Amino acid sequence: MKGNTALTGLRTRDRKLRESRLPLTAEFIAGVWLVIAAFAYSYSYTLSAVAGFWNSLLCGIVVAAVALVRFGLPERARWLGVVNLAIGAWLIVAPFAFGYPVDGHRDALRTSALLVGVLLAIFSVVSMTVAFRRHSGDFRE
């Protein structure tokens, strides 16, 4: 019986680890998309478009890097989720702050930033909640 209980505990811990890493994987994919989108969309050479390009590129790099760090060091880097949450909120505001140009893929740029911002904020909250619940031992079996 004792060996069976240890095996069950191991399986439960593996499931918990997988469940905590799913939102981090989604955050990483969102970061990679932001980097790809910076080059995929044809930004025109106006000040707001150049700002949109650099915004997407830098936010994508930071989001992917934070997700990787949190993926590799889940116990030590729990608070880094706040960074991705803040970037998600910024991505929701950025299209309006920069006023993406009328020419080019304005609607696609705005939709991409808004969609990624909302999803990133949701995944960040979920991953931080799971990480803190795992740390406090309040994670349900």
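Small disclaimer: the values here were computed from a predicted structure and weren't measured. Just so you know, residue 1 is the first one in the sequence shown, and it goes up from there.
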Residue pair V93 / F98, side-chain heavy-atom distance below 4.5 Å: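 Side-chain contact under 4.5 Å: no.
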
Side chain to side chain, F71 and T25, heavy atoms closer than 4.5 Å: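 A side-chain contact exists here, since the closest heavy-atom pair is under 4.5 Å.
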
For V116, side-chain contact (heavy atoms from CB on, under 4.5 Å) partners two or more places apart: A30, W33, L34, L91, S112

Residues which pass side-chain contact (heavy atoms from CB on, under 4.5 Å) with I61, listed by chain and number, not counting sequence neighbours: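 Only V35, L57 meet the side-chain contact (heavy atoms from CB on, under 4.5 Å) criterion with I61.
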
Residue pair V62 / I87: nearest heavy atoms and the distance that separates them: CG1-CD1, 3.4 Å

Heavy-atom closest pair, residues A67 and F28: CB-N, 3.7 Å

Hphob cluster co-occupancy, V125 + F123, side-chain heavy atoms under 4.5 angstrom: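 No, V125 and F123 fall in different hydrophobic clusters.
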
side-chain hydrogen bond (donor to acceptor under 3.5 Å, both in side chains) contacts in which one or both residues fall within residues 82-93, not counting sequence neighbours: E27-N84, N55-W90

Check: S127 side chain, S124 main-chain N or O, donor-acceptor pair, under 3.5 Å: yes

Distance from [X] atom [atom1] to [Y] atom [atom2], nearest 0.5 Å?
| X | Y | atom1 | atom2 | value |
| --- | --- | --- | --- | --- |
| L119 | I29 | CG | CD1 | 11.5 Å |
| L80 | L68 | CG | CG | 11.5 Å |
| M128 | W79 | CE | CH2 | 8.0 Å |

